[in-house]
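Some notes on the structure that comes next.
What you see below is based on every heavy atom in this structure, not just the backbone, and it leaves out hydrogens, waters and symmetry mates. Remember, it's 1-based here, ligands and their atoms both numbered in the order they're listed.
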Amino acid sequence: MKTVFSPLHSRRQVKTELDGGLLIEPHEKPSRAETILARVKDQALGDVLEPEEFGLGPVQRVHTADYVAFLETCWQDWLAEGKPGEAIPAVWAGRGMRHRVPKDIDGRLGYYSFAAETSISEGTWEAARASANVALTAQKLVAEGERAAFALCRPPGHHAHADLFGGYCFFNNAAIAAQAFRDQGYSRVAVLDVDFHHGNGTQAIFYHRADVLTISLHGDPDLVFPHFLGFEDETGEGDGEGYNLNLTFPPGTPYHVWSQGLETACQRIGEFQPDALIVALGVDTFEDDPISFFKLASGDYLTLGRRLEQLGLPTVFTMEGGYDVDAIGVNAVNVMQGFEGKA
Ligand SMILES: NCCCNCCCCCS
Ligand SMILES: [Mg+2]
Ligand SMILES: [Zn+2]
């Protein structure tokens, strides 16, 4: 299987993440992507390609022009205000307030985000653009005949809405790849999010549409991020009614329970008969993940990959979460190797 990777991921090297009242070293750190890349090479998974440049067109098929423009100048605008630290949103429109775009950078940071843990600094824009190009390059490889391709995306994307960043995400790489398939004539696309967290951005982007089926397995949002979306009664709206499926699980969920949800998801995908599949691959479902509470073991990712291959679909994997850096390489590449039939 080919892997698409951009060294430009390392342009995103923020020093802070707001967590527990402290500014900590971010969980979403450059070594995540480097560790996965090393494992790809160690296992000779296949060729590693740098992304092509697709420009902002395919990004703006999913994200609003004003949001993209905000991201492009956010860091400069923040610096122009003489702020001493990294750009961190700290104010949002609460209930009964107005959802309009302020001129002030603090106001715009709040307007275009839904969470405060995702700092922005020099290079975030370049890394987010490269990550979208990585997903689009993998999508192109599959559209040109590869059975599957691994978009080793960093930063991740599945929490990003059309005009919101958060959860370490800026551009929704999986949604951008799904829309690219649609724009290239694929009638139906399924996005399966196996990251520990709900793919709130992906759900929101396609919530009113029947051409893209969105499914996510995740920790109960009553207990974990993103807290305010991802419940099982969210099934889509309007034309999209019935084309969103959320499967939630409690703390301590092991693979033999989680995989019952996977079977439900695979059944729904079979009914939908998509022409292509995007797997939003987070491995923060791992038993030792520092911010999550499932109990999948490394060998389970081989089983997961094998089950996904049995769907028989052209498949793009977009890398999402996974924060046990020591294990992330084995766990992510196990999915690809399981997909390719490794026992
Ligand atoms: N103290 C942990 C807070 C985590 N908040 C964001 C989680 C984003 C996961 C992306 S896959
Ligand atoms: Mg998920
Ligand atoms: Zn996650």
Point to revise | Reported OH-to-OG1 distance for the pair Y112 and T64, which is rounded to 0.5 angstrom | key: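 So the gap between those two atoms works out to 6.0 Å.
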Check your understanding: Who else is in the cluster with Y168 when I, L, V, M, F, W and Y are joined by side-chain contacts under 4.5 Å?
Key ->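 So far as hydrophobic clustering goes, Y168 is joined with I291, Y323.
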Suppose we only allow N, O or S atoms; which atom of [X] ends up nearest to the Zn ion (ligand 3)?
X	result
D195	OD1
H197	ND1
D284	OD2

Practice item. Using a 4.5 Å cut-off on heavy atoms from C-beta on, say whether the side chain of I105 contacts that of L109. Key: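 Yes - at least one pair of side-chain heavy atoms lies under 4.5 Å apart.
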**Study point:** Any side-chain heavy-atom pair of L308 and V279 under 4.5 Å
**Key:**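 Side chain of L308 against side chain of V279, heavy atoms only: contact under 4.5 Å found.
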Exercise for review: Mind running ring pair (Phe, Tyr, Trp, His ring centres under 6.0 Å) on F171 and H63 for me, showing each step along the way?
Suggested key: CA-CA 8 Å; F171 291 142; H63 294 284; 5.3 Å; yes
Point to revise | Within the 4.0 Å heavy-atom sphere of ligand 1, strictly under, residues | key: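 Contacts of ligand 1 under 4.0 Å: D19, E117, H158, H159, G167, Y168, D195, H197, F225, D284, G321, Y323.
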Exercise for review: Ignoring hydrogens and angles, state whether a donor on the side chain of H159 or E320 is under 3.5 Å from an acceptor on the partner side chain.
Suggested key: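 Judged by distance alone, the side chains do not pair up.
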Check your understanding: Parallel under 30°, tilted from 30 to 60°, perpendicular over 60°: which one fits the rings of F294 and F196?
Key ->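 Perpendicular.
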**Study point:** Ion pair R129/E72, N-O distance below 4.0 Å
**Key:**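 No, R129 and E72 are not salt-bridged.
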Check your understanding: At their closest point, which heavy atom of R147 faces which heavy atom of L313, and how far apart are they?
Key ->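 Here R147 and L313 meet closest at NE-O, 2.8 Å.
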Review point. Which pairs pass salt bridge (Lys or Arg N to Asp or Glu O under 4.0 Å) with one or both residues in residues 274-297, sequence neighbours excluded?
Key: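 Those involving residues 274-297 do not exist here.
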Exercise for review: I would like to know whether R306 and E309 meet salt bridge (Lys or Arg N to Asp or Glu O under 4.0 Å); could you show each step before the answer?
Suggested key: CA-CA 5 Å; R306 189 158 53 251; E309 192 285 328; over 6 Å; no
**Study point:** Cut-off under 2.8 Å, centre the Mg ion (ligand 2), protein N/O/S atoms
**Key:**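 N, O, S partners closer than 2.8 Å: D193 OD1, D195 O, H197 O, S216 OG, L217 O.
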